[in-house]
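Heads up: the structure comes next, in structure tokens.
Both counts, for ligands and for their atoms, begin at 1 and track the order of listing. Just so it is clear, the structure is predicted and the values come from calculations on it, not from any experiment. Computed over heavy atoms, backbone and side chain alike; hydrogens, waters and symmetry mates excluded.
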Amino acid sequence: MSFDPERFHPERVAAALADPARLAVLDRTGLMSSEPEQAFDRWAALAARALRAPIALITLFDDRRQYLKSVIGLEGAEPIRTAPAQLSICQYVISGASPLAVDDARDHPQLADHVGVVEHGIVAYAGTPITVHGQPVGSLCVTQQEPRGWTAADLALLGDFSDAIAGEIALRLAAGALGRANALVAAHNRIHELISADAPLREILDEVVLSIEGYDPRLRGSVLLLDAVLRTVHHGAAPTLPPEYLAKLEGLVIGPEVGSCGSAAFHGVEVVSADLETDPRWAPFRELAREHGLRHCWSFPILGAGGDVLGTFGLYGSAPREPTEEHRRFIRDAAHLAGIAIQRQRATDELVHRATHDPLTGLPNRTLLFDRLTHALARGRRSGTSLAVLFIDLDRLKLVNDTLGHEVGDAVLREVAERISGCVRPGDTVARFGGDEFIAVCEGIDPDGATVIADRIIEAVMAAKRGAAGGMSPTASVGIAVVPGGEVDAHEAIRRADEAMYAAKEEGGNRHRHGPGQAAEGAGRRLEVEAALRGALDRGEFHLVAQPVARFLDGSTHGVEALLRWTHPELGEVGPDEFVPIAEETGLIDAIGAWVLRESCAAIADVHRATGTALALGVNVSPRQLRHPAFAAGVQASLSDSGLRPERLVVEITETALLGSDPATAHTLAELRALGVQLVLDDFGTGFSSLSMLKERPIDGIKIDRSFVAGLPADTSSGAIVAAVVGMAHALGRTVTAEGIETSEQLAFLRALGCDLAQGYLLGRPMPFAELEAWLTTPAVGKS
Ligand code: C2E
Ligand code: MG
Ligand code: MG
């Protein structure tokens, strides 16, 4: 009989009992927490009979306790059925992993004092290990109260019984695994069915989690979905974990050391935290885990087809534990299924998104806009509130496209889209309606509120300087329709806003207008100006100033532009930018404009007579004037009254005047051409202009708006636009005037680009016509 004193060494015994591989097999058998069973009792009884011993025990050990699965012939054994392992002699069978035979324990050096010997009177003992999957999970022993010389045949027989018991256990394990595998296959089939039936993602993921929980009832699973942009995880499914726990993980930012799931999502690899109490990654969440009785978490990444991380599959349990190879295999399979479901859902989401959003800006498209607006109007009808539709049209975007290319135009659109979105509340809708048109829908808004939003949008669009367009900031015309819910449908609401936008555009853009029948913003001042404007002409409150226009070629004076000034006794100086649109709207412009023509023609003719210098005269004309049937006749009268030659008169018209195909305007323009006066397009680039307009319209020249000149020479995109416009204009035989030149750098730059005529404070500020004579005779050095 081999005698191995080491097997009694307390440390070795403890280590043998605590061997994780052994415990893992034991754990899988589930025997430690099982009830006594006849099948085992039969083996024990058979062993006792075969070996002619009065007592037989089948004992299982975890790292601390024994469990007497079967007891034959030992009276009063119930209290020690589960007892500390130290009370048992069988523990030494485990520590030796081989048979232990003691003929007379009373004179055994290690066992003489053992409680079993002293208190229970055990004298002879023979035990053999029950070895399952290579691990001694327990022992079978026979004992008696008299000494006995165990023979090799005795021990061989006992070993056979042990093996038979081990075989029974192994068979059960296999059957259990088979059952679980079958259950898992059934669960997988169910999941596949759900996926192909396009069931909601939540339902599928629940089923995935339940499949693993069914396989191992001690596990509780959770699927977290990764937001790849924000790098945060969000609840996907966790049918059995406490909602309070899940709520705390919502929106967690992943990182290299963030719990198990945060780390697994970050690295895209499996992260097993077998004991949350000791895993440093869990330090910040340990208290939380403890509160909910969670002790381990194994996290498996859920990967997409391309290996990208879609989320994580985390499995929790209430005691420290490592997953087995089988766990890993099944969890990976489940994670794979979850991945398929998530990818499928994302593909569907993507399709829906694509059908309802503009690819360039990512904003809702027309389809979604109509849908949302229709719903908003319905809500408004129920709640009795109004909503605002803001129609936003970008001025000068066409020009950006024509000159800087569509890529730059696209960048501007994206930038503007983002900024407009920032002007409304999160629940409001900003949609891209067409090429350079956007629509904002804001619920529960009155006209004043809409005005505030429109101002904000106009500001934001002007601020969109970043990006490829460089300093070339677009401007916006905004039309506002505030409609009470239920009063009109989506089409009508948009039509009203569109109409108002058109009005804003006609007034020169970069402003907003309310639709008809609405309290106009700033009504106070506007009405005041309007009232003051009536009769201003009769009261002689207007006068004209002249601003010189020079030739780039030699700096000589080419002519002047007549600019209208109004001084009201109470309002003081009111700028033309403010009162001209009002005069236009009220129709007062016809009379005022006729006066301007008459006065300026006379004044310039006087200068000619006094100095002998024949100057060109630029006169600004509003769109409305051009529609007036008697306009050309008025021009002719002014010319003949003053004696100014027609080719010296330059009629400055705006792009909006050329916009429509209004027959009256077309007629006037033809008449003017017949008279022989020059036509130039003023403020070129601020409105609807595109280069094609240059080609099609009967005009002699263009005046590039001063906003393009302002940023020169630093602003390269403005420079590029001016260069392109000059090239195109010259190719078509049109002259180019650059307005608003304030610095000599601008002047040099524009000269290099080949502009023909120059105007701006650098060359001369607007002055009374009476001062023109003196100015013309002052040497150039002392000017401006
Ligand atoms: P506009 O026809 O483009 O006139 C040029 C404007 O630029 C003038 O403003 C002028 O004072 C200003 N300007 C000239 N050089 C510079 C410069 O170097 N820097 C800057 N920052 N500004 C410069 P004003 O006189 O306030 O006129 C504004 C607008 O009012 C005009 O723009 C024109 O559209 C309109 N307007 C003026 N007079 C009349 C008129 O008699 N009839 C009509 N229908 N519109 C007029
Ligand atoms: Mg002008
Ligand atoms: Mg201008």
Would you indicate which of [options] comes nearest to [atom] when only heavy atoms are counted?
{"atom": "atom 16 (C) of ligand 1", "options": "Trp566, Tyr761, Phe542", "answer": "Tyr761"}
{"atom": "atom 6 (C) of ligand 1", "options": "Arg624, Arg706, Gln746", "answer": "Arg706"}
{"atom": "atom 33 (C) of ligand 1", "options": "Val709, Leu762, Asn620, Val621", "answer": "Asn620"}
{"atom": "atom 8 (C) of ligand 1", "options": "Thr737, Leu563, Ile741", "answer": "Leu563"}
{"atom": "atom 26 (O) of ligand 1", "options": "Ala562, Ala710, Pro576", "answer": "Pro576"}
{"atom": "atom 34 (O) of ligand 1", "options": "Leu763, Val580, Asp683", "answer": "Asp683"}

Problem - Under-4.0 Å heavy-atom contact with ligand 1, by part of Leu564 that carries it - result: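 Both the backbone and the side chain of Leu564 come within reach of ligand 1.
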Exercise for the section: For ligand 1, indicate whether the residue Gln759 contacts it via side chain, backbone, both or neither (heavy-atom separation under 4.0 Å). Expected result: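 Answer for Gln759: neither.
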At a 4.0 Å threshold, what atoms of ligand 1 neighbour a non-hydrogen atom of [X]?
{"X": "Glu742", "value": "17 (C), 18 (O), 19 (N), 20 (C), 21 (N)"}
{"X": "Asp577", "value": "28 (C), 29 (C), 30 (O)"}
{"X": "Val596", "value": "41 (O)"}
{"X": "Glu652", "value": "2 (O)"}
{"X": "Pro766", "value": "11 (O)"}

Practice task
Report yes or no: does Thr557 contribute a side-chain atom to a donor-acceptor pair with the main-chain N or O of Gly559 at less than 3.5 Å?
Solution key: no
Exercise for the section: Please identify each residue that fulfils side-chain hydrogen bond (donor to acceptor under 3.5 Å, both in side chains) with Arg539, with sequence neighbours left out. Expected result: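 Counting only residues at least two positions away or on another chain, Arg539 forms a side-chain hydrogen bond (donor to acceptor under 3.5 Å, both in side chains) with Glu541.
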Under 4.0 angstrom from ligand 1, any heavy atom of [X]?
{"X": "Gly575", "answer": "no"}
{"X": "Ser622", "answer": "yes"}
{"X": "Lys703", "answer": "no"}
{"X": "Arg565", "answer": "yes"}

Exercise for the section: Looking only at N, O or S atoms, find the one in Asp682 nearest to the Mg ion (ligand 2) and name it. Expected result: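 Atom name of the closest N, O or S in Asp682: OD2.
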Problem - side-chain contact (heavy atoms from CB on, under 4.5 Å) partner of Cys442, chosen from Leu390, Val389, Leu387, Val482 - result: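 The residue from Leu390, Val389, Leu387, Val482 that satisfies side-chain contact (heavy atoms from CB on, under 4.5 Å) with Cys442 turns out to be Leu390.
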Handout entry: Glu584 versus Ser622, side-chain donor and acceptor atoms under 3.5 Å
Key =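 Yes, side-chain donor-acceptor contact under 3.5 Å.
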Handout entry: Apex the Mg ion (ligand 2); atoms Asn620 OD1 and Glu652 OE1; angle rounded to 10 degrees
Key =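 Answer comes to 90°, rounded to 10°.
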Handout entry: the Mg ion (ligand 2) to nearest N/O/S of Glu739 below 2.8 Å
Key = no
Problem - Mutual orientation of the aromatic rings belonging to Trp566 and Phe542 [parallel < 30°, tilted 30-60°, perpendicular > 60°] - result: tilted
Practice task
Provide the full list of salt bridge (Lys or Arg N to Asp or Glu O under 4.0 Å) pairs with a residue in residues 613-639, sequence neighbours left out, each pair given once.
Solution key: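 Passing the test, one end in residues 613-639: Asp590-Arg624.
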Exercise for the section: Indicate yes or no: does an N/O atom of Gly760 lie under 3.5 Å from an N/O atom of ligand 1? Expected result: no
